[in-house]
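Numbering of residues begins at 1 and proceeds along the displayed sequence.
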Amino acid sequence: MKENFSSAIESLPNELLAEIVARVASTSFQNYINAKLSCKVFHKVANERYVYQNATLAEFSIEPSWEKEKQEKINKVASFLELCRECGNTEALYRKGVMDFFKDDMPELASEFLKRAAKGGHIGAFYVIGIIMVFMGGAFKQKGVKLIGNMKNTKQLRKITRECRKKLIEILTHIWVKNPLVLGQRPNRCTIQHQRIHRNGWPHDSEDEDEDMDAHCDACSCDVEIDHIISVLPKVDMY
């Protein structure tokens, strides 16, 4: 029975096999491993670039728990993530970009990872690029404000942007943010400083609310995002 199964699998086009394994990998890393170990054909196809490009990272923690996980496992995960990045996995590129920038490990390379992720269609990467530009100041700030503003033009886009914000905040709460560019400062964006008030007179404090319903400009809209990001950054004594 197993030989018949293997023969049937081997008769399928390689492109179709890669698509099958890629779809499995896009839903669960464990299922991907199971498929990889199920037969020689899948084991070979599992190493295709297209498979790594579509693999989900949902089962991987933002940062490894050094107390709970063995070094060997951490190394294997790191190797897998590196392969994903090399193959253009947008989520892997996004995570690397965010962590390298905010941890101040390799901020000069972080933008390249984020640009590659954005080019691949990762909306969260566009969002982070906009946030970083605002913190950079000058002409970059204006571009960042415009980018964030464009991402919040409609109610549906604002909903997507909130998801991008939640994802970034989730990463920031799991890493040690050390980049001095984002610590100890609150970028000034709206020079008019419009007051954003909820329709019942109270400030927005619920992610279920459309916080930008009364934003007067792109800078006001960007203020909402910066406020949320700053709220989870380490507090730095400037004196």
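Hydrophobic cluster membership for Leu93: Met106, Leu109, Phe113 (Ile, Leu, Val, Met, Phe, Trp, Tyr linked by side-chain heavy atoms under 4.5 Å, directly or transitively).
No side-chain heavy atom of Gln53 sits under 4.5 Å from any side-chain heavy atom of Thr90. Between Pro107 and Asp100, every side-chain heavy-atom pair lies at or beyond the 4.5 Å cut-off. The side-chain heavy atoms of Ile20 and Leu16, taken from C-beta on, include a pair separated by under 4.5 Å. Side-chain contact between Leu37 and Phe42: absent, with no pair of heavy atoms (C-beta onward) separated by less than 4.5 Å. Residues Gln142 and Met133 are not in side-chain contact: their nearest non-hydrogen atoms beyond the backbone lie 4.5 Å or more apart. At least one side-chain heavy atom of Met136 sits under 4.5 Å from a side-chain heavy atom of Leu181.
Of the possible donor and acceptor atoms, none in the side chain of Arg23 sits under 3.5 Å from a partner among the backbone N and O of Asn54. Between the Ser38 side chain and the Ala35 main chain, a donor and an acceptor come within less than 3.5 Å of each other. In this structure, Asn89 contributes its side chain and Ala55 its backbone to a donor-acceptor pair below 3.5 Å. In this structure, the side chain of Thr56 does not engage the main chain of Thr27 through any donor-acceptor pair within 3.5 Å. Using modelled atom types, one side-chain atom of Thr161 and one backbone atom of Leu157 make a donor-acceptor pair closer than 3.5 Å.
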Lys96 and Glu112: CA distance, side-chain angles, deciding distance, salt bridge (charged side-chain N to carboxylate O under 4.0 Å, His left out) verdict: CA-CA 10 Å; Lys96 182 66 172 173; Glu112 294 304 315; over 6 Å; no

Side chain to side chain contact (heavy atoms under 4.5 Å, CB included) between Phe126 and Ile131, intermediate numbers included: CA-CA 9 Å; Phe126 281 104; Ile131 295 296; over 6 Å; no

Residue pair Ile171, His174: steps toward the side chain to side chain contact (heavy atoms under 4.5 Å, CB included) verdict: CA-CA 5 Å; Ile171 295 179; His174 283 84; 6.0 Å; no

Check against side chain to side chain contact (heavy atoms under 4.5 Å, CB included), Lys103 and Val98: CA-CA 8 Å; Lys103 291 175 65 177; Val98 171; over 6 Å; no

Working for side chain to side chain contact (heavy atoms under 4.5 Å, CB included), residues Ile148 and Asp218: CA-CA 7 Å; Ile148 296 297; Asp218 286 344; over 6 Å; no

Full working for salt bridge (charged side-chain N to carboxylate O under 4.0 Å, His left out) between Glu72 and Lys76: CA-CA 6 Å; Glu72 182 181 3; Lys76 287 183 178 180; 3.7 Å; yes

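In this structure, the separation between CZ on Arg165 and CD on Glu170 is 14.5 Å, given to the nearest 0.5 Å. Distance check, rounded to the nearest 0.5 Å: CD1 of Ile229 to CG of Leu168 gives 4.0 Å. In this structure, CG on Leu147 lies 6.5 Å from CE on Met151, to the nearest 0.5 angstrom. Distance check, rounded to the nearest 0.5 Å: OG of Ser28 to CG of Asn34 gives 7.5 Å. In this structure, CZ in Arg158 is found 7.5 Å from OG in Ser221, a value given to the nearest 0.5 Å. Here Arg85 contributes atom CZ and Arg116 contributes atom CZ; the two are 9.0 Å apart, rounded to the nearest 0.5 Å.
The hydrophobic clustering, which links ILVMFWY residues whose side-chain heavy atoms are closer than 4.5 Å, places Leu12 and Val24 apart. The hydrophobic cluster containing Ile226 also contains Val232, counting ILVMFWY residues as joined when their side-chain heavy atoms lie under 4.5 angstrom apart, directly or transitively. Both Val134 and Ile169 sit in one connected hydrophobic cluster of ILVMFWY residues. Membership requires side-chain heavy atoms under 4.5 Å apart, directly or through other members.
Taking every heavy atom of both residues into account, Ala110 and Gly97 meet most closely at CB-O, 3.2 Å. Residues Gln30 and Glu59 approach most closely at N-OE1, 3.5 Å, considering heavy atoms. Across all their heavy atoms, Ala125 and Leu114 have their closest contact at CB-O, 3.5 Å. For Val51 against Ala25, the heavy-atom pair with the smallest separation is CG1-CB, 4.0 Å. Contact detail for Gly88 and Arg49: the closest heavy-atom pair is N-NH2, 4.3 Å. For the pair Ile129 and Ala118, the tightest heavy-atom approach, listed with the atom from each and the gap, is CD1-CB, 4.1 Å.
Using a 4.0 Å cut-off between a side-chain N of Lys or Arg and a carboxylate O of Asp or Glu, Lys152 and Glu225 qualify as a salt bridge. Looking at Lys159 and Glu163, no side-chain N of the basic residue comes within less than 4.0 Å of a carboxylate O on the acidic one, giving no salt bridge.
For Glu19 and Tyr50, the side-chain atoms include at least one donor-acceptor pair closer than 3.5 Å.
The environment of NZ in Lys36 is crowded: more than 12 heavy-atom neighbours from other residues, nucleotides or ligands sit within 6.0 Å.
Applying the salt bridge (charged side-chain N to carboxylate O under 4.0 Å, His left out) test to Glu91 and every residue at least two apart in sequence or in another chain returns Arg95, Lys167.
Residues in residues 70-104 take part in these ring pair (Phe, Tyr, Trp, His ring centres under 6.0 Å) pairs, two or more places apart or across chains: Phe29-Phe80, Tyr52-Phe80, Phe60-Phe80, Tyr94-His122.
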